[in-house]
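These notes are about the structure you will find just below.
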Amino acid sequence: MITTAPELIYMLKVNIGIALFYAFYKLFCCRDTFFQWRRIALLSFLALSFLYPLMDMQAWVKEQPAINELADYYTLMMLTETNTSTATVVTTPVAIPTPGLLDIIKFIYWIGILLLSARFMIQLSSIFHLVLKSKSINVDQISIRSLSEPANPFSFWQWIFVYLPELKEDEKQEILTHEQTHVRQWHSIDVIISEIVNIICWMNPFAWLMKTEIRLNLEYLADHKVMESGTNKKAYQYHLLGLANQNRQTGLYNNFNLSHLKNRIKMMNKKRTRTTGHIKYALFAPLTAALLLVSNIETVARTAERLIYSTEESTPRPKREEVASFVNTVQGLVTFTITVTNSEGKPQPNVTLQIKPSDEVKTFKTNAEGKATIEVDITTPKYVSLDVSSPKSSKHQSLLLSANKPNVTAIFDTDDDIAAYIKAGKQIRVKLQISNNDNQQLAGAELISSSTNAKATTNAHGEAQLTVGVGETIAINHKGYQEGKFTVKELCPIKDMENPELVRLLLVGEDPVYQIADNMPEFPGGMAACLQHLARNIKYPTTAQKEGTQGKVIVQMVIEKDGSVDHVSIVRSISPELDAEAARVVKSMPKWKPATVKDKTVRCRYTVPVTFKLQ
């Protein structure tokens, strides 16, 4: 008998959890701008990966017939593969044990743990050494540790380390705002947690990727705080690019010049995600539930396996028929009764049942009652797959046959059944959300069913619902946009109507709008000239002056291929009067030098701040 240590199973489950949660994060979360939500989610993913294998719901699993059957199948297919079919005891001379593959892997694992732990302690020691070596001073009422040698700014715990002599005044403010965000929000806790998890799960590449995502999201948070402080985005990005050419540190601390600079700049220029996008973070609850369920199914199955082996080791070996309730040890013919019905429970006659227990393929047909009796030669640990198909259907499905479950019911719907369901009104209700290439929801888009010509029109959020049948195509039309299509693929109602299927339409003849280009758009004379142009042309609204309204309006625009300014919109609003004036002055700008990608002129989105300040 080959056994697997419980701690090994636990670590395997932890690493699977990390991998699945990372995939979920990359699929649903890594492109939005909910940086605080992302921080909570990433830390929750790490915590849940270690907790879900410890959560016990075996009693509930055993009470659910369908789930308990899955545990039985798991026992048959996975766990008993290592069982022997003989009770013969062989005695051998005592020999010096030789390390197996598992022992070698454990040895390598622990060596990796020791090396990474040593690196972790060295990094901590180097930071504490810098604390003792550096001088504490106040800059703009902020306590920092002044470095005596040139180095990029960084922070750890409540310490901010900066080399001041080479910094300009505006760069100093950016750095202090950035690093203060790390300090005030205790980002070092995230860094330390991810580092410890990475040490424990160092053999899992997804643990390294998760650590990278945690560090990168912390930089997004700090960058976002710098942008909120009113710092010029373009100048800040140039500052980051300048620091990228200097020597930078790597370690536990939050580095002002962390890697993945391109991602950070893209995120700075990204349009804020709509508040309704928070809903998707609830989707990781079903993933956690699924992991918890599978973990407990595996645990129940292993409990059954231990019961098998303890029975075999503590009692005289019973006849094969007596242990069939635990594990399939039958050799020879086993009789199976197969019943095939559709979803409404009606028998399905003339359905083809095909099995392949060895190299020989055997075919059977169900009778008028939807039943067929099959004799299969099963030898432990071989299990037989049964393929169900029908000339009236383009689909087929497979079932697993095991000797301890000789009576099997298969639910199989033919194309005729599906057509009847649709004719009887058993259709699928879909919810679509229509947006354009700028992720703006399109109201007034028309949805038309290909077969019934049923119609629906999208609301202000670009959403509409339509009841259609399987395989139908929904045509989507909106003035000025290319026609879109959506095909319904499954015959099942959508359970969560809060999460519609997304369909994107493109403007007729529209070229894509880039967020980041090889060469970004440039105002004639540079950013300084741009800000001067805004200052000269702004007309402070009288109403806003009387009310004392002031602040910074963030305006977003698209610089077209010819350099003209188009698609002007307000990203951050102050008041209707100031917003309107900011939009007006931006629209009055002269043509810019357009952006280029691979030496080709492209359309590019750009954001500028318009500041209103009363003297």
Side-chain angles (χ1 to χ4, degrees), residues 2-23 25 39 42-55 95-134 151-152 154-159 161 182 186-219 247-255 257-260 291 295 298-299 302:
I2 299 174
T3 58
T4 307
E7 59 271 17
L8 189 59
I9 296 297
Y10 171 76
M11 287 306 302
L12 181 62
K13 290 179 180 180
V14 168
N15 282 280
I16 290 173
I18 290 174
L20 290 177
F21 281 128
Y22 174 79
Y25 176 81
R39 183 188 183 190
L42 285 165
L43 293 179
S44 300
F45 292 160
L46 292 182
L48 287 170
S49 296
F50 282 87
L51 290 176
Y52 87 87
L54 303 175
M55 297 179 184
I96 299 174
T98 56
L101 178 61
L102 190 58
D103 295 323
I104 295 172
I105 293 174
K106 285 182 178 179
F107 178 76
I108 295 173
Y109 171 74
W110 283 110
I111 289 295
I113 290 278
L114 291 173
L115 292 175
L116 290 173
S117 298
R119 188 190 71 162
F120 180 73
M121 298 308 298
I122 291 171
Q123 290 172 343
L124 278 177
S125 300
S126 67
I127 294 173
F128 292 134
H129 176 72
L130 273 178
V131 172
L132 297 174
K133 184 180 176 182
S134 58
N152 281 343
F154 64 92
S155 61
F156 180 77
W157 212 247
Q158 296 296 290
W159 299 304
F161 298 86
H182 287 312
W186 295 91
H187 289 177
S188 293
I189 294 176
D190 305 47
V191 173
I192 292 173
I193 290 174
S194 64
E195 191 70 30
I196 293 173
V197 170
N198 193 67
I199 291 172
I200 297 172
C201 304
W202 71 268
M203 298 184 81
N204 182 1
F206 293 100
W208 294 85
L209 293 171
M210 189 74 88
K211 183 178 81 167
T212 300
E213 291 297 334
I214 288 173
R215 299 288 292 268
L216 186 57
N217 187 61
L218 296 179
E219 295 305 313
N247 294 326
R248 58 187 177 87
Q249 304 90 347
T250 57
L252 297 179
Y253 32 76
N254 299 291
N255 196 310
N257 180 35
L258 199 66
S259 57
H260 301 286
L291 279 172
S295 174
E298 195 275 343
T299 304
R302 287 198 172 275

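These numbers were taken from a predicted model, which means no experiment stands behind them. Values reported hereafter were calculated over all heavy atoms of this structure, with side chains retained and with hydrogens, waters and symmetry mates removed.
In this structure, the side chain of Y52 engages the main chain of K13 through a donor-acceptor pair within 3.5 Å. W202 places a side-chain N or O within donor-acceptor distance of the main-chain N or O of Y109, the cut-off being under 3.5 Å.
The side-chain heavy atoms of Y10 and L54, taken from C-beta on, include a pair separated by under 4.5 Å. Looking at heavy atoms from C-beta onward, Y22 lies out of side-chain contact with F45 at the 4.5 angstrom threshold. Between S134 and F161, the closest side-chain pair of non-hydrogen atoms falls below 4.5 Å. For the pair L130 and F154, the minimum side-chain heavy-atom distance is below 4.5 Å. Here the side chains of F206 and N15 are not in contact, with every heavy-atom distance at 4.5 Å or above. Contact check for L218 versus H182: side-chain heavy atoms found under the 4.5 Å cut-off. Residues H187 and E219 fail the side-chain proximity criterion, which asks for heavy atoms closer than 4.5 Å. F128 has its side chain within reach of W159: a pair of non-hydrogen atoms, C-beta onward, lies under 4.5 Å apart.
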Tell me, with the steps shown, if M11 and C201 meet side chain to side chain contact (heavy atoms under 4.5 Å, CB included). CA-CA 8 Å; M11 287 306 302; C201 304; 4.1 Å; yes
Apply side chain to side chain contact (heavy atoms under 4.5 Å, CB included) to the pair V197 and F50, showing each step before the final yes or no. CA-CA 10 Å; V197 170; F50 282 87; 3.9 Å; yes
Y25 vs M210, side chain to side chain contact (heavy atoms under 4.5 Å, CB included): CA-CA, chis, key distance, verdict: CA-CA 9 Å; Y25 176 81; M210 189 74 88; 5.5 Å; no
Derivation and outcome, side chain to side chain contact (heavy atoms under 4.5 Å, CB included), residues L291 and L48: CA-CA 10 Å; L291 279 172; L48 287 170; over 6 Å; no
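Here the CG-OG1 distance, from N217 to T212, works out to 12.5 Å after rounding to the nearest 0.5 Å. In this structure, CD1 in I108 is found 6.0 Å from CE in M203, a value given to the nearest 0.5 Å. Atoms CD1 and CD1, on I200 and I18 in that order, are 9.0 Å from each other to the nearest 0.5 Å.
Results of the side chain to side chain contact (heavy atoms under 4.5 Å, CB included) test with I193 over I189, I196, V191, D190 single out I189 as the only residue that passes. Paired with F120 under the rule side chain to side chain contact (heavy atoms under 4.5 Å, CB included), one option of L124, I122, L116 passes, and it is L124.
Here S117 pairs with I113, I199 under the side chain to side chain contact (heavy atoms under 4.5 Å, CB included) rule; sequence neighbours left out. For the ring-ring contact (aromatic ring centres under 6.0 Å, His included) test, residues two or more places apart in sequence or in another chain that qualify with W186 are W157.
Comment: E213 does not engage R39 in a salt bridge, judged by the lack of any side-chain N to carboxylate O separation of less than 4.0 angstrom.
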